[in-house]
Amino acid sequence: MSSKDEAATPTNFIRNRILKELEAGQYEEIVTRFPPEPNGYLHLGHAKSIVLNFSLAEEFGGYTNLRFDDTNPAKEEQRYVDAIKEDVAWLDYQWKNECYASDYFETLYEYALHLIDNGLAYIDGQDADAIREQRGTLTEPGTPSPDRDRDPAESRELFERMRAGEFEDGQYVLRARIDMAAPNINLRDPVIYRIRHKAHPRTGNDWCIYPSYDFAHGQSDAIEHITHSLCTLEFEDHRPLYDWLIEHLPVSSRPYQIEFSRLNLDFTVLSKRRLTRLVDEGFVDGWDDPRMPTIAGIRRRGFTPDSIRNFCAEIGVTKSESIIPFGALERNLRDDLNVRAPRRMAVLRPLKLVLTNFPEGETDWVEAANHPQDPDMGTRQVALTRELYIEQDDFMEEAPKKFFRLKPGGEVRLRNAFIIQCDEVIKDEAGNVVELHCTFDPETRSGQPGADRKVKGTIHWVSAEHAVKAEVRLYDRLFKVPHPGGDKERDFVEHLNPDSLEVLDHARLEAGVETARPGEFYQFERLGYFVPDPDTTPEKPVLNRAVTLRDTWAKLEKQLRQG
RNA sequence: UGGGGGAUCGUCUAGUGGUAGGACUACGGACUCUGACUCCGUCAGCGGGGGUUCGAAUCCCUCUCCCCCAGCCA
């Protein structure tokens, strides 16, 4: 393997560990799982986990299960299950088994009985407040529950009656009997079963007692013969409990939990709790709002699965907490789309331009390459007429020296067509520029001999007659500050960017783009990458700008303005 | 001030006793009918202090800072 290939296969501490284990012959195959709770949509943080789990199993010839951690019917819904499956599939990963923690409720119940019978769990009749008070604090040990030494036979009977529905919510809980003085609070007799008279999306009313996360997760891993159970850092101090349960239960395999740091992106939030609030309180237009860092959101925005996967490979996997610039994600999209997106012309904010020496009523069809570096993508004919639209930004009446676009008396090339000169600037009463009168140089038609006269700038345009009106939605960062979730003084929603969505109603597209469907993408030259929104129709096209092109001019202009 | 983690260029990340490397960003340049792409180049780092060693990002001591944990959430 060349050094370049090695660089293309980034490694990480988990992969290194597996490599060693494999070398030592500890595993036949690597089995991982992606275990979302179906209580919300997947976001980019989940994407990191998905890519990690699937790529590890794939590399080492194993497989990955999709497992829904559905142990809390109070929060979970089928629609989230459906959305999650769609998102994982969209990322182009195939799970081996579709599993549910709820599939294991019967086994888990038996495991609980096993603990009870061995004096390792007991039924506590206290309420939540009492249990909390007895848990102690970070610096003081807990105090034992009065029920801690309940006879196992009695606990068993109570547990069976819990299952039978004889008690109310909260009346009893099952607790593991570990160590009330443990410095790790998770070991101070954690609750492992609670009563919830609530229909479960999958098991309906079969159960009224449900296992806690801690009691379900590791055992589910064991049942599925997961070898490496990867999760985020906040579960690190659950690992002793994870191990304790595995060791004290008659499970059929021995999974290991390994923790890595979760993904953070600047100028957004990546916690399901916060994202849920944005949706529920109407700050965004739903889970798939293109401004949301959800898989559904960025998909609608125009991101590709490859760009997400590449991004996840690029950021690596460690235990140190990090915040990745949102721009890193965008660059991956550009890199992907640059290669694949056909080029088109579109004008976002139209300024009328009349070619005064162009015959009225005629159309000149100019040839345009669909991709400057990829001739295989072919060419197309674009209509050039006397009346055109150009971008408002591409004309300046009083232009700085570095402005290479159109200015009074100046010359510029119309992309794929002629060099034109600006002869006259038409204004309204208020002094706004409303129209430009220009002449074109017939000798400079693109592709013709002698057309290679150099001018500084090239601008895009569309034919006023042929272009199609469209709505274009531009997206900016959702928040105004880099770390909206890190402000302890203020609610994160106070940092929302009021200008995160800009809707342009008068954009004009090169003819043909109006029939594109979601999932197709274009580069509008000099503007960025655009995809049709699900709202689009041929009669009223709606396009999303997924990401701009890199814009050196904008940067220069900003510097000029700031001196 | 209990327990568990973490600290390497601006950012992310390699490196577990032998010249701190890569990617991104930034900056400079080349090219250009996209101020895109591409190409070339430059800047830039081991949290602090001790110690061991011929030699320390790596081992030891110590200090500092950051994150997580007191749900019948996951």
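A, B, ... follow the sequence lines: proteins, then strands. Residue 1 opens every chain.
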State whether [X] places a side-chain N or O below 4.0 Å from either non-bridging phosphate oxygen (OP1 or OP2) of [N].
| X | N | result |
| --- | --- | --- |
| A/S261 | B/G6 | no |
| A/T318 | B/U13 | yes |
| A/S320 | B/U13 | yes |
| A/R334 | B/U38 | no |
| A/R273 | B/A74 | no |
| A/S322 | B/U11 | no |
| A/R413 | B/G35 | no |
| A/R550 | B/C37 | yes |
| A/K555 | B/A26 | yes |
| A/K488 | B/C67 | yes |

Provide the distance between the two [atom1] atoms, one in [N] and one in [M], to the nearest whole Å.
| N | M | atom1 | result |
| --- | --- | --- | --- |
| B/U52 | B/C59 | C1' | 8 Å |
| B/C72 | B/G5 | P | 23 Å |
| B/G22 | B/G47 | C1' | 23 Å |

Next on the checklist: Closest approach to the side chain of A/D237, judged atom by atom: which nucleotide of B/U25, B/G3, B/A36 is it?
Outcome noted: B/G3

Rounded off to whole Å, could you give me the [atom1]-to-[atom2] distance for the [X] and [N] pair?
| X | N | atom1 | atom2 | answer |
| --- | --- | --- | --- | --- |
| A/E321 | B/C65 | CD | C1' | 12 Å |
| A/L138 | B/C68 | CG | C1' | 11 Å |
| A/N332 | B/C12 | CG | P | 16 Å |
| A/R132 | B/G71 | CZ | C1' | 8 Å |

Checklist outcome for this item: Given the 90°-from-0 boundary between syn and anti, B/G49 should be labelled anti

Checklist entry - Relative to the 5' end of RNA chain B, which residue comes earlier, A/V173 or A/R343, by the nucleotide with the nearest heavy atom? => result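 Result: A/R343.
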
Next on the checklist: Can you work out whether A/P183 or A/R445 has the more 5'-proximal nearest nucleotide on RNA chain B?
Outcome noted: A/P183

Next on the checklist: I'd like to know if A/E37 pairs up with A/K75 as an ion pair, taking the criterion as any Lys NZ or Arg NE/NH1/NH2 lying under 4.0 Å from an Asp or Glu carboxylate oxygen.
Outcome noted: no

Checklist entry - Do the charged groups of A/D441 and A/R453 touch, with an N to O distance under 4.0 Å? => result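 Yes, A/D441 and A/R453 are salt-bridged.
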
Next on the checklist: Could you measure the distance from the OG1 atom of A/T71 to the CH2 atom of A/W207? Nearest 0.5 Å is fine.
Outcome noted: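 Answer for the OG1-CH2 pair, A/T71 versus A/W207, is 13.0 Å.
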
Checklist outcome for this item: One should read off an interatomic distance between A/H238 NE2 and A/I185 CD1, to the nearest 0.5 angstrom, of 10.5 Å

Decide yes or no, distance alone: a donor-acceptor N/O pair under 3.5 angstrom between the base of [N] and the side-chain of [X].
| X | N | value |
| --- | --- | --- |
| A/E314 | B/U13 | no |
| A/E140 | B/A70 | no |
| A/R239 | B/G4 | no |

Checklist entry - How would you label the contact of A/N416 with the nucleic acid (heavy atoms, under 4.0 Å): base, sugar-phosphate, or nothing? => result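 Counting heavy atoms under 4.0 Å across all strands, the contact made by A/N416 includes a base.
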
Next on the checklist: Does A/I459 reach a base, just sugar-phosphate, or nothing at all? Heavy atoms under 4.0 Å.
Outcome noted: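 If one applies the 4.0 Å heavy-atom cut-off, A/I459 turns out to touch nothing in the nucleic acid.
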
Checklist entry - Just by distance, with hydrogens left out, do A/R33 and A/S229 show a side-chain donor and acceptor under 3.5 Å apart? => result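 Per modelled atom types, A/R33 and A/S229 side chains form a pair under 3.5 Å.
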
Checklist entry - Would you say A/D70's side chain and A/S102's backbone share a donor-acceptor pair under 3.5 angstrom? => result yes

Item to check | A/N370 and its side chain to side chain donor-acceptor pair (under 3.5 Å) partner, picked from A/R380, A/R343, A/Q523 | outcome: A/R380

Item to check | pi-stack flag for A/Y213 and B/A74, centroid dist under 5.5 Å, interplanar under 30° | outcome: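 So A/Y213 does not count as stacking on the base.
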
Checklist outcome for this item: Taking Watson-Crick and G-U wobble contacts under 3.5 angstrom, with | marking pairs to another strand and [ ] crossing pairs, the secondary structure of RNA chain B is written .((((((..((((....[..)))).(((((.......)))))....(((((..]....))))))))))).....

